[in-house]
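Remember, predicted model here, so these are calculated numbers, not experimental data. Basis for what follows: all heavy atoms, side chains included, without hydrogens, waters or symmetry-related copies.
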Amino acid sequence: ILGLIGNIRGYPEERDLIHRNGRNLLRMINELLDISKLDAGQLNVKLKQANIVPYLQYLSESFYSMAEENGIQLTFYTEQSEIVMDYDEDKIQHIVYNLLSNALKYTPEKGKVIVHVNQIDQGQSIFLQLKIKDTGIGIPADHLPHLFKRFHQISRSGDSNKAQSTGIGLAFTKELVTLLEGNIAVESTEGLGTTVELQLPVRHTATLEEAWFAHESAQRTISPEDLHLAGPNAPVLLIIEDNRDVAFYIRTILQTTYQVQTANNGLTGIERAIELIPDIIISDVMMPKKDGFEVCETLKADQRTSHIPIILLTAKASYQDRIEGLKFGADAYLTKPFHRQELLIRLEKLVEIRRTLQQRYANFPVTGSGPTQHKMEDAFLQQLHEHTQARLEDPEFNVPELAKSMAMSQMQVYRKLKALTGKTPSRFIRTLRLQRGRELLQSTDLTVSEIAYQVGFSDPNYFSRTFQQEFKRSPSDFRK
């Protein structure tokens, strides 16, 4: 159903309705399947030991855009900046998603939703305490005892605008909490609001993830450069995200594979992208100064950065929002809160696409007309080709001169050319000189030394050595 929506032309409201309900149906089916796994004892717990506070904050702040659109004030508050414990990331995400979705769904405009995190000592055991409190319409007292029963629904008069509950989400949430050996309780007063309290045991038996150890004060003082764990040859990734904690969470996922840099608003992100020419960009949509759509549009229209893959992150999950992002040139679109594995796979696939691009440009110029999305890259390489050919005989023509002729910095030329072809600018110039030398060997009677000087080599022996490396034959053997 979801796949075929793209084949429908026109009817935007109907398409949006089908897409929204299709996603709801898919989510409910997945919940039912997971409940079946629970019943069969096949839903496994995958624990890791880490500081859970940044993760809970990231999950909460993924709903900020949704809250803002509905005129609701969403606040995250924690008593401790660090609670290191065993937890299952996917199941915690599902629990928080369900509880926050319900809180926002049943809270009117100008209402409040507060997410409160604490660590409590109950004698023999220590627990993580998570409270989600809203100022919404509340739950009738006679329904509270049945709230976590499967398929229990609350019928309210005058509530036709709210999505009707299936009675699956809260029941599944309760069973996940039980699976994690925790407990959950609800207090509610009609017309005043609801408080859901979740308690999970704090234990330390799973594998420890060191990357999550960053105290709140450390998060505020450590620079992105200090957190690099990837090697100097790893791809450069730019995160454009105005929320420091969300950016920190994404960085912890990726810093062992990528050299991660950050920018805290869209305008700074554009400037950093042009300065760094990163290999890939992850950008939030809702940001000050320039939003993610403007970032995408600006960078895709700039020859220096048009080749960079961009992933947009947003809490706005409607069909039209996703289409909007793709119209501005986004290469992928992820909805917050996203799964860690989904982000990693998206990045991996975009890196594969870049390798394909390098194969396309391995022997420039390419034959035939390329896809529309590569026209700017074709033009960039064509300009490099023309500027180099025009100064081919000049031994003084080098990378700084090439960058100057392109009105770009040396680093910008280096990063873009390396991304497209896998070659450095100096190697690019040398290759064009050698290709011209090969042509002259075939079409003229000039000596090897004369040809070397004519294509910009000041040392004929160096010309012969590099010719051998490039074409696997010496110039004299090639001529024979």
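- Between Tyr249 and Tyr55, the ring planes lie tilted relative to each other; the angle falls in the 30° to 60° range.
- Around atom CD of Glu68, no more than 12 heavy atoms belonging to other residues, nucleotides or ligands sit under 6.0 Å away.
- Scanning all heavy atoms of the two residues, the minimum distance from Leu47 to Asp88 falls at CD2-N, 3.7 Å.
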**Item:** Test side-chain contact (heavy atoms from CB on, under 4.5 Å) applied to Thr257 and Leu347, step by step
**Value:** CA-CA 11 Å; Thr257 310; Leu347 289 169; over 6 Å; no
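- The closest donor-acceptor contact from the side chain of Gln261 to the backbone of Leu238 lies at 3.5 Å or more, if one exists at all.
- Shown here are the side chain to side chain contact (heavy atoms under 4.5 Å, CB included) partners of Tyr414, two or more places apart in sequence or in another chain: Lys418, Thr424, Pro425.
- For the residue pair Ala50 and Tyr87, the shortest heavy atom distance occurs at O-CE2, 3.9 Å.
- Looking at Glu241 and Thr262, their side chains never bring a donor and an acceptor atom within 3.5 Å of each other.
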**Request:** May I have the step-by-step check of side-chain contact (heavy atoms from CB on, under 4.5 Å) for Val202 and Val84, ending in yes or no?
**Result:** CA-CA 8 Å; Val202 175; Val84 179; over 6 Å; no
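- Judged purely by distance below 3.5 Å, without hydrogens or angles, the side chains of Glu61 and Gln57 pair a donor atom with an acceptor atom.
- Residues Leu100 and Leu59 form no side-chain contact, since every pair of their non-hydrogen atoms from C-beta on lies 4.5 Å or further apart.
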**Asked** Can you check side-chain contact (heavy atoms from CB on, under 4.5 Å) on Lys300 and Asp331, steps first, answer last?
**Response** CA-CA 10 Å; Lys300 290 295 186 179; Asp331 297 88; 2.9 Å; yes
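- Few gaps surround CG on Asp394; more than 12 heavy atoms of other groups in view lie less than 6.0 Å from it.
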**Request:** Any chance you could lay out the side-chain contact (heavy atoms from CB on, under 4.5 Å) test for Thr268 and Lys290, step after step, and finish with the verdict?
**Result:** CA-CA 9 Å; Thr268 305; Lys290 296 275 187 181; over 6 Å; no
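- Taking the six-membered ring for Trp and thresholds of 30 and 60 degrees, Phe172 and His94 have ring planes more than 60 degrees apart, a perpendicular arrangement.
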